[in-house]
Amino acid sequence: MAQQVASAKRQQDLQVQYSNYKDTLQAIAQKIGDVEQEAEEHKLVLETLVPLPEDRKCFRMINGVLVERTVGDVLPALQTNADGLKKVLEDLVKQYRTKQDDMEKWKKKNNIQVLQQ
């Protein structure tokens, strides 16, 4: 009887750990999607602004406020933001792969097999 209770408790603990791994991976994947979308938006804006004269006026959203600037003022900041997003994206992908590898090691260590339905 005590053996069955211990086995059921262990199985429940393993299910909780598995769920935690899956939730973490899903959260990281969501962040990756958000950053990819934002990086794509930056790329489109950069492609639009680069051929324009630097003294042409443009508008930029800063902390929810639309401000008037020139293309020459906006381009460097936009490029810096785009580069930063690329770095964040690389870090998130690396983090996702690491977490996925950790999960695979955990599954092998605990002899876990996931059956797809």
Side-chain angles (χ1 to χ4, degrees):
M1 180 71 175
Q3 181 79 17
Q4 289 176 338
V5 171
S7 177
K9 174 75 171 139
R10 172 152 169 73
Q11 184 176 2
Q12 187 177 15
D13 289 345
L14 289 174
Q15 286 176 337
V16 167
Q17 286 178 315
Y18 179 77
S19 294
N20 287 340
Y21 272 118
K22 292 297 276 185
D23 291 345
T24 302
L25 285 172
Q26 188 173 7
I28 294 171
Q30 179 66 40
K31 287 179 190 174
I32 289 172
D34 293 345
V35 171
E36 280 178 339
Q37 182 178 357
E38 197 167 335
E40 185 63 27
E41 289 173 4
H42 275 69
K43 180 181 160 217
L44 288 173
V45 173
L46 281 168
E47 288 173 357
T48 303
L49 292 180
V50 165
L52 299 177
E54 290 196 3
D55 61 340
R56 181 172 175 170
K57 76 175 176 180
C58 66
F59 294 90
R60 181 173 182 211
M61 183 78 73
I62 300 176
N63 295 329
V65 178
L66 197 59
V67 294
E68 184 178 331
R69 297 276 191 253
T70 63
V71 171
D73 293 338
V74 171
L75 274 178
L78 200 58
Q79 187 62 52
T80 302
N81 287 353
D83 294 342
L85 286 171
K86 286 179 188 174
K87 174 91 172 86
V88 167
L89 187 59
E90 290 170 4
D91 292 346
L92 282 172
V93 168
K94 195 180 300 181
Q95 184 181 354
Y96 184 87
R97 288 187 182 134
T98 301
K99 197 61 153 174
Q100 201 170 29
D101 291 343
D102 290 348
M103 182 177 167
E104 290 302 318
K105 289 176 188 173
W106 174 82
K107 283 167 53 175
K108 285 180 182 170
K109 175 185 167 197
N110 291 294
N111 195 24
I112 305 291
Q113 295 179 351
V114 179
L115 303 175
Q116 300 295 331
Q117 293 182 346

Step by step, work out the side chain to side chain contact (heavy atoms under 4.5 Å, CB included) result for Glu47 and Leu44.
CA-CA 5 Å; Glu47 288 173 357; Leu44 288 173; 4.1 Å; yes
Do any pairs count as a side-chain hydrogen bond (donor to acceptor under 3.5 Å, both in side chains) and have a residue in residues 19-35, sequence neighbours left out, and if so which ones?
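For residues 19-35: Gln30-Asp34.
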Could you tell me the separation between the [atom1] atom of [X] and the [atom2] atom of [Y], rounded to the nearest 0.5 Å?
X: Arg97; Y: Asp102; atom1: CZ; atom2: CG; value: 14.0 Å
X: Leu78; Y: Lys43; atom1: CG; atom2: NZ; value: 13.5 Å
X: Leu25; Y: Tyr96; atom1: CG; atom2: OH; value: 5.0 Å
X: Leu49; Y: Gln79; atom1: CG; atom2: CD; value: 11.0 Å
X: Asn81; Y: Lys86; atom1: CG; atom2: NZ; value: 12.5 Å

Exercise: identify the closest heavy-atom pair between Ala77 and Arg60
CB-NH1, 3.6 Å
Please name all residues satisfying salt bridge (Lys or Arg N to Asp or Glu O under 4.0 Å) with [X], sequence neighbours left out, ordered by chain then number.
X: Lys94; answer: none
X: Glu104; answer: Lys107
X: Lys108; answer: none
X: Asp91; answer: Lys87

Check whether the side chains of Asp13 and Gln17 place a donor and an acceptor atom closer than 3.5 Å, and report yes or no.
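The criterion, which ignores hydrogens and geometry beyond distance, is not satisfied for Gln17 and Asp13.
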Within-4.5 Å side-chain heavy-atom neighbours: Gln95 and Leu92
yes
Give a yes or no on whether Leu85 and Val45 share a hydrophobic cluster (residues Ile, Leu, Val, Met, Phe, Trp, Tyr; joining criterion: side-chain heavy atoms under 4.5 Å apart).
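Leu85 and Val45: separate clusters.
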Contacts under 3.5 angstrom, residues 62-76 side chains, donor-acceptor by atom type, not counting sequence neighbours:
unit_1	atom_1	unit_2	atom_2	d
Thr70	OG1	Asp73	N	3.3
Thr70	OG1	Asp73	OD2	3.1

One pair to check against side chain to side chain contact (heavy atoms under 4.5 Å, CB included): Val93 and Glu36. What are the steps and the verdict?
CA-CA 11 Å; Val93 168; Glu36 280 178 339; 5.9 Å; no
If you count every heavy atom of other residues, nucleotides or ligands that lies below 6.0 Å from Gln100 atom CD, does the total exceed 12?
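Counting neighbours around CD of Gln100, more than 12 heavy atoms of other residues, nucleotides or ligands fall under 6.0 Å, so yes.
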